[in-house]
2 protein chains.
Amino acid sequence: MDDVIIDRLSDVFRSHGYEGASLSKLSEATGLQRASLYYRFPGGKKEMAEAVLAQIDSRIATQILDPLRAPGSPSERVQGLVDGLKTLYQNGHASCLLEALSLGEGQNLFGSLIAGAFEAWIDALASVAADSGHDSATAKRLAEEVIISIQGALVLARGRNTNAPFIRVLENLPRNLLAETT
Amino acid sequence: MDDVIIDRLSDVFRSHGYEGASLSKLSEATGLQRASLYYRFPGGKKEMAEAVLAQIDSRIATQILDPLRAPGSPSERVQGLVDGLKTLYQNGHASCLLEALSLGEGQNLFGSLIAGAFEAWIDALASVAADSGHDSATAKRLAEEVIISIQGALVLARGRNTNAPFIRVLENLPRNLLAETT
DNA sequence: GTCTATAATAGGATAGAC
DNA sequence: GTCTATCCTATTATAGAC
């Protein structure tokens with residue numbers, strides 16, 4: 001499926017959530033009429049959201065999980081993650097799709113998909129934290145705290161219309177995740 | 001205005017956002033027919049959301065800001081805050097209204113209200129952090145980090161359907177906000 | 001593959017009885 | 001104050017031309 005179409009659909013779901021993403025908005029964002037969207041996504045809005053989630057799953061894989069699993073020191077791998085997060089969240093100006101789609105009807109439809117995405121994310125972070133020298137319980141806790149700070153920074157950024165908290169969270173991320181290498 | 005009605009409206013806006021909160025859902029949640037809701041809120045859905053925001057503003061004042069400004073040591077004041085947060089967010093099982101209403105159309109309608117609520121919250125946290133011995137720049141930074149961790153924990157709790165991260169954030173909150181009192 | 005046109009349903013809002 | 005009935009618009013979805 002055309003990646004640029006899905007990008008435009010993502011923008012709408014990301015900023016309006018599942019219920020707020022009307023066919024009119026999706027049509028306008030993509031430049032395709034409703035009927036054309038139904039040609040590409042016979043399942044309608046639900047199938048569009050599924051395609052968007054599948055794409056973000058693959059983006060999380062390439063922008064977040066792959067860098068963490070790449071060869072190199074934990075510190076280098078985490079720097080790859082930080083760069084990926086900057087891209088994925090447009091420097092803090094874009095909301096998280098998982099967050100937006102976990103509200104309301106989206107929660108019912110995609111709850112387990114979303115939960116799974118968070119789990120995979122935490123596992124990958126915990127793995128690099130462990131490689132840096134933390135025991136596995138600490139690594140898991142730090143991984144969760146890193147996700148929390150990213151998600152919280154995105155919420156605060158949207159609420160106050162400034163990306164400063166997101167930038168700072170990314171700056172502190174390596175220090176907060178990895179063991180001191182003295 | 002009847003507080004219990006607004007509580008029921010809040011539940012809907014909190015879990016569905018502004019656009020997802022349909023009159024049908026609002027009607028069902030309150031047990032009032034649409035026309036009765038319009039009798040109480042002539043401005044319709046927008047006025048209902050305004051009432052909900054006004055109530056949460058007052059809840060934030062009593063559950064969050066007042067404890068922080070109460071007489072007592074910073075540590076005692078922060079403990080009052082932690083208790084207030086537990087109540088406000090139902091131990092981590094409820095999303096933040098400010099977060100839910102800052103999506104989509106809610107952002108357009110209530111953006112500055114929401115931004116103001118976050119500012120007041122940060123200021124109050126920074127004030128108690130400063131009282132505990134931090135310089136004002138550090139106090140502000142720690143206050144923002146505390147809000148970030150609360151919001152992030154609520155997002156992660158919703159996404160994974162567990163309140164464990166929220167509970168842990170509350171446990172660590174005093175340590176993360178206040179200067180060591182040795 | 002995309003369009004215009006159109007149906008069917010849901011959403012927001014009002015009128016008027018009680 | 002709350003209800004039933006109703007209106008108008010928006011939304012989801014489909015049919016059929018090109």
Side-chain angles (χ1 to χ4, degrees), chain A residues 1-55 95 97 100-111 113, chain B residues 1-55 95 97 100-111 113:
Chain A
M1 181 61 59
D2 201 344
D3 245 31
V4 66
I5 296 288
I6 301 190
D7 279 339
R8 298 292 83 76
L9 296 177
S10 288
D11 293 341
V12 180
F13 284 112
R14 198 199 298 278
S15 46
H16 292 270
Y18 185 76
E19 289 158 308
S22 67
L23 273 270
S24 312
K25 293 191 186 94
L26 295 165
S27 165
E28 192 189 354
T30 54
L32 291 172
Q33 296 295 336
R34 287 139 200 256
S36 302
L37 284 174
Y38 275 91
Y39 174 80
R40 289 161 179 256
F41 306 94
K45 190 163 116 169
K46 185 177 170 219
E47 191 175 333
M48 296 180 216
E50 280 164 356
V52 158
L53 275 169
Q55 190 197 243
S95 299
L97 251 168
L101 287 177
S102 67
L103 265 183
E105 183 63 8
Q107 172 76 265
N108 301 329
L109 294 172
F110 313 116
L113 252 169
Chain B
M1 182 59 62
D2 200 344
D3 245 30
V4 66
I5 295 289
I6 300 190
D7 279 338
R8 298 291 83 75
L9 296 176
S10 288
D11 292 341
V12 179
F13 283 112
R14 198 199 298 278
S15 45
H16 292 271
Y18 185 75
E19 289 159 306
S22 67
L23 272 270
S24 312
K25 292 191 188 94
L26 295 166
S27 165
E28 192 189 353
T30 54
L32 290 172
Q33 295 296 336
R34 284 146 201 251
S36 302
L37 284 173
Y38 275 91
Y39 174 81
R40 288 160 180 258
F41 306 94
K45 188 163 118 169
K46 185 177 169 221
E47 191 175 333
M48 296 180 217
E50 280 164 356
V52 158
L53 275 168
Q55 194 205 45
S95 299
L97 251 167
L101 287 177
S102 67
L103 266 182
E105 183 64 8
Q107 172 77 267
N108 301 329
L109 294 172
F110 312 115
L113 252 169

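Chain identifiers are assigned alphabetically (A, B, ...) following the order of the sequence lines, protein sequences preceding nucleic acid strands; residue numbering begins at 1 within each chain. Just so it is clear, the values below take in all heavy atoms, side chains as well, and ignore hydrogens, waters and symmetry mates.
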Hey, is the main chain of [Y] close enough, under 3.5 Å, to the side chain of [X] for a donor-acceptor pair?
X	Y	answer
B:Arg8	B:Ala29	no
B:Ser27	B:Leu32	yes
A:Ser15	B:Gly104	no

Item to complete: Please lay out, stage by stage, how B:Gln55 and B:Val52 fare under the test side chain to side chain contact (heavy atoms under 4.5 Å, CB included).
Response: CA-CA 5 Å; B:Gln55 194 205 45; B:Val52 158; 5.8 Å; no

Worksheet item: What parts of residues 35-46 of chain B reach DNA chain D, counting only heavy atoms under 4.0 Å away?
Response: B:Ala35, B:Ser36, B:Tyr39, B:Arg40

Worksheet item: Going by heavy atoms closer than 4.0 Å, what residues in residues 17-27 of chain A are next to DNA chain D?
Response: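 Output list: A:Ala21, A:Ser22, A:Leu23, A:Ser24.
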
Discussion item. Set out, in order, the CA-CA distance, both residues' side-chain angles and the distance that settles side chain to side chain contact (heavy atoms under 4.5 Å, CB included) for A:His16 and A:Leu26, then state yes or no.
Written reply: CA-CA 11 Å; A:His16 292 270; A:Leu26 295 165; over 6 Å; no

Discussion item. Quick check: closest heavy atoms across B:Lys46 and B:Leu109, and the distance to 0.1 Å?
Written reply: CE-CD2, 3.9 Å

Fill in: Side-chain touch A:Lys45/A:Ser22, heavy atoms, less than 4.5 angstrom
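Heavy-atom side-chain distance check fails, nothing below 4.5 Å.
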
Worksheet item: Which of parallel (below 30°), tilted (30 to 60°) and perpendicular (above 60°) describes A:Tyr18 and A:Phe13?
Response: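 A:Tyr18 vs A:Phe13 ring planes: parallel.
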
Worksheet item: What distance do B:Asp7 atom CG and B:Thr30 atom OG1 have between them, rounded to the nearest 0.5 Å?
Response: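 Between B:Asp7 CG and B:Thr30 OG1, I get 12.0 Å after rounding to 0.5 Å.
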
Item to complete: Would you sort out whether B:Lys25 and A:Glu19 count as a salt bridge (Lys or Arg N to Asp or Glu O under 4.0 Å), showing the intermediate values?
Response: CA-CA 13 Å; B:Lys25 292 191 188 94; A:Glu19 289 158 308; 3.3 Å; yes

Worksheet item: Starting at CD of A:Glu28 and ending at P of D:dA10, how long is that distance when rounded to a whole Å?
Response: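 After rounding, the reported distance stands at 14 Å.
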
Worksheet item: When you list every nucleotide of DNA chain C with an atom under 4.0 Å from a heavy atom of chain B, which one comes first 5' to 3', and which comes last?
Response: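 Going 5' to 3' along DNA chain C, contacts run C:dG11 to C:dA15.
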
